[in-house]
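Notes follow the structure.
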Amino acid sequence: MTTPLAINGLIPDDVFPALAFDRIYVTVGNRWSTNGAYDHFAGAWNTASYRFHAAIGDLNILIGSLSEAGPNPPPVDRYRQDQALADFFGNAFSAFESTFFALYSIGVFISPIHFSLATPKDQQRVAPAQTLAAFRTAFPTDPIVQDLETLLGEPTFKEMREIRNVVVHRSMPGRRMYVGLVQDDAPPTEWKMRNIKLNEEMTKNLLYNFQRNFSTLIEGIETFLSIKRQQE
């Protein structure tokens with residue numbers, strides 16, 4: 001039987017890094033639950049798990065629709081596929097943003113001179129890039145700085161951020177469809193956003209890269225906490 005997450009009782013998806021996620025939650029709670037900024041951490045950590053699992057649900061909806069209706073479906077099915085794509089990228093990137101906010105909160109616990117969540121404006125400014133900048137200043141030699149730099153420079157992470165910004169804030173790309181000379185020889189239908197092919201391989205790649213990048217971030221945070229504990 002799968003163990004529910006400690007923070008909210010959610011049954012974790014198989015690809016969610018549940019053990020490390022829970023260890024971080026317990027470690028932070030044991031050390032800083034009385035800190036005034038702890039609620040910021042707990043709220044962000046809870047949200048990260050929710051958004052991760054929402055993204056997996058969105059991807060499963062897309063997979064099911066592509067399997068049943070194909071990549072060139074009638075308008076209602078196309079709407080469902082486009083909505084699932086938009087929801088996936090929105091929730092997936094939100095899972096990263098929430099995790100970065102939680103990490104920034106940990107920075108507040110350890111080095112309040114370099115990190116602040118004192119005002120709503122401070123809280124609104126927190127983003128992956130700002131979190132990295134603060135960690136560079138506060139912990140310039142810590143391995144987490146390299147971990148964060150690598151993640152923010154990772155092409156699949158940058159692609160996810162770009163696509164999220166487009167589909168959530170600006171527009172829903174159309175599709176490029178092809179006709180073959182004989183039956184079944186046409187190239188796969190492409191989404192007019194980086195020419196992403198709407199097929200099973202695409203959904204597998206989305207899941208793999210999302211899980212890989214998220215797990216790498218969680219592992220980096222756990223290592224950071226372990227190093228700080230050893231230095232105390």
Side-chain angles (χ1 to χ4, degrees), residues 5 7-8 10 12-25 28 40-60 62 84-108 115 117 122-136 139 142-170 193-194 196 202-225:
L5 294 179
I7 191 169
N8 53 26
L10 185 69
D13 190 273
D14 289 344
V15 300
F16 186 76
L19 294 178
F21 191 86
D22 270 354
R23 286 194 296 263
I24 293 169
Y25 175 64
V28 172
H40 289 298
F41 166 82
W45 209 242
N46 186 44
T47 301
S49 67
Y50 280 176
R51 296 295 178 266
F52 185 101
H53 287 81
I56 297 299
D58 299 328
L59 194 58
N60 287 335
L62 176 62
L85 273 166
D87 290 345
F88 168 76
F89 285 107
N91 281 315
F93 199 74
S94 179
F96 285 105
E97 290 180 315
S98 298
T99 305
F100 270 94
F101 192 96
L103 176 58
Y104 189 94
S105 301
I106 294 173
V108 173
F115 300 82
L117 293 173
D122 290 335
Q123 298 157 26
Q124 292 166 7
R125 277 198 294 256
V126 177
Q130 188 204 20
T131 302
L132 170 57
F135 270 81
R136 278 178 178 150
F139 314 108
D142 195 284
I144 197 170
V145 173
Q146 180 62 56
D147 292 341
L148 298 180
E149 288 176 344
T150 299
L151 175 61
L152 267 61
E154 164 65 38
T156 57
F157 180 83
K158 294 166 71 174
E159 179 181 78
M160 175 176 286
R161 179 179 58 199
E162 175 191 349
I163 293 175
R164 188 287 301 264
N165 289 341
V166 170
V167 300
V168 172
H169 299 298
R170 296 203 295 276
M193 168 63 72
R194 289 180 168 263
I196 295 174
M202 177 269 290
T203 57
K204 287 181 178 179
N205 287 338
L206 287 179
L207 176 60
Y208 172 75
N209 290 321
F210 175 41
Q211 187 274 338
R212 175 176 59 88
N213 288 333
F214 189 82
S215 294
T216 297
L217 178 56
I218 296 300
E219 291 165 7
I221 295 172
E222 185 173 34
T223 299
F224 172 74
L225 288 171

Are the side chains of Phe224 and Asp147 in touch, meaning some heavy atoms are under 4.5 Å apart?
no
Ser215: partners by side chain to side chain donor-acceptor pair (under 3.5 Å), with sequence neighbours left out
Gln211
For residues Leu148 and Leu103, determine if any side-chain heavy atom of one lies less than 4.5 Å from a side-chain heavy atom of the other.
yes
Separation between CD (Glu159) and CG (Asn209), nearest 0.5 Å, reads 8.0 Å
Report yes if the side chains of Thr156 and Tyr208 come closer than 4.5 Å at any heavy-atom pair, otherwise no.
no
pair Asp58-Phe89: side-chain heavy atoms closer than 4.5 Å:
no
Under 30°, 30 to 60°, or over 60°: which ring-plane class applies to Phe210 and Phe88, parallel, tilted or perpendicular?
perpendicular
In Å, rounded to the nearest 0.5 Å, how long is the span from CZ of Phe16 to CZ of Phe21?
4.0 Å
Can the ring centres of Phe157 and Phe93 be said to be less than 6.0 Å apart?
yes
Report the C-alpha distance between Leu117 and Val126 in whole Å, list the side-chain angles of each, state the deciding distance to 0.1 Å, and finish with yes or no for side-chain contact (heavy atoms from CB on, under 4.5 Å).
CA-CA 9 Å; Leu117 293 173; Val126 177; 3.7 Å; yes
Would you mind telling me which of Phe115, Trp45, Phe135 makes a ring-ring contact (aromatic ring centres under 6.0 Å, His included) with Tyr104?
Phe115
How long is the gap from CG on Asn91 to OG1 on Thr47, to the nearest 0.5 Å?
11.0 Å
Search all heavy atoms of Ile218 against all heavy atoms of Ala20 and return the closest pair with its distance.
CG2-CB, 3.7 Å
Is there a side-chain contact (heavy atoms from CB on, under 4.5 Å) between Leu10 and Asn46 once you walk through the steps?
CA-CA 10 Å; Leu10 185 69; Asn46 186 44; over 6 Å; no
Check: Thr150 main-chain N/O paired with Glu154 side-chain donor or acceptor under 3.5 Å
no
For His53 and Leu5 the tightest heavy-atom approach is CE1-CD1, 4.4 Å
Calculate, to the nearest 0.5 Å, the distance between atoms CG and CG belonging to Leu85 and Leu59 respectively.
8.5 Å
Might you point out which heavy atoms bring Asp122 and Arg125 nearest each other, and give the distance in Å?
OD1-NH2, 2.7 Å
Taking C-beta and beyond as the side chain, do Glu219 and Glu222 meet within less than 4.5 Å on heavy atoms?
no
To the nearest 0.5 Å, tell me how far Ile7 CD1 sits from Ser49 OG.
6.0 Å
Return the CZ to CG distance between Arg23 and Leu225, rounded to the nearest 0.5 Å.
11.5 Å
Val108 side chain reached by His40 side chain, heavy atoms, under 4.5 Å
no
Verify side-chain contact (heavy atoms from CB on, under 4.5 Å) between Phe41 and Ile106, making sure each step is shown before the conclusion.
CA-CA 7 Å; Phe41 166 82; Ile106 294 173; 4.1 Å; yes
Validation row: Thr99, Ile221 side chains within 4.5 angstrom (heavy atoms):
yes
Closer than 3.5 angstrom, by distance alone: can the side chain of Ser98 be matched with the main-chain N or O of Ala95 as a donor-acceptor pair?
no
Not counting sequence neighbours, list each pair that qualifies as a salt bridge (Lys or Arg N to Asp or Glu O under 4.0 Å) and has a residue in residues 90-105.
Glu97-Arg164
Taking the side chain as everything from C-beta on, heavy atoms only, tell me whether Arg161 gets closer than 4.5 Å to Phe96.
no
For a side-chain contact (heavy atoms from CB on, under 4.5 Å) check, start with the C-alpha distance between Ile144 and Thr223, then their side-chain angles and the critical distance, and finish with the verdict.
CA-CA 8 Å; Ile144 197 170; Thr223 299; over 6 Å; no
